[in-house]
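A short worksheet on the structure shown next.
What you see below is based on every heavy atom in this structure, not just the backbone, and it leaves out hydrogens, waters and symmetry mates. Every value quoted in this text rests on a predicted model; they were computed, and no experiment measured them.
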Amino acid sequence: MSESHQDNVVVTVVSGIDNTDRISLQLGEGMSGTVCTLTPSQARMLATELIAAVNRAEVKASLKSGTNMWRRTNETRPRFATAG
């Protein structure tokens, strides 16, 4: 898997030669930037996949740092049992 860290992301709607709209996604600036042009359905699919990936990453990160969900070694009952 390849990782890319970009500070500048620009998303615009552009009209094609045949008067159909396209979504332009530009990563980076100037000549070194990468431009990807997508149809609306491709852009929607990409957005859905991005949202799902972000949700998975956030859940994974919260599970790593969420100590309230686990028993401490000296406790005999789950912490949720004492809540409320």
Hphob cluster co-occupancy, Ile23 + Val35, side-chain heavy atoms under 4.5 angstrom: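 No: no chain of side-chain contacts under 4.5 Å links Ile23 to Val35.
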Within this structure, what is the [atom1]-[atom2] distance for the pair [X] and [Y], rounded to the nearest 0.5 Å?
X	Y	atom1	atom2	answer
Gln26	Thr12	CD	OG1	8.0 Å
Gln42	Leu25	CD	CG	12.0 Å
Leu50	Leu46	CG	CG	4.5 Å
Lys60	Arg56	NZ	CZ	10.5 Å

Can you name the nearest heavy-atom pair linking Pro40 to Asp21, along with the distance?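 Shortest heavy-atom contact: CD-O, 3.6 Å.
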Does Asp18 CG have over 12 foreign heavy atoms under 6.0 Å away?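 Yes, the 6.0 Å shell around CG holds more than 12 heavy atoms from other groups.
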Could you walk me through whether Arg22 and Leu38 pass side chain to side chain contact (heavy atoms under 4.5 Å, CB included), step by step? CA-CA 6 Å; Arg22 300 279 191 248; Leu38 305 167; over 6 Å; no
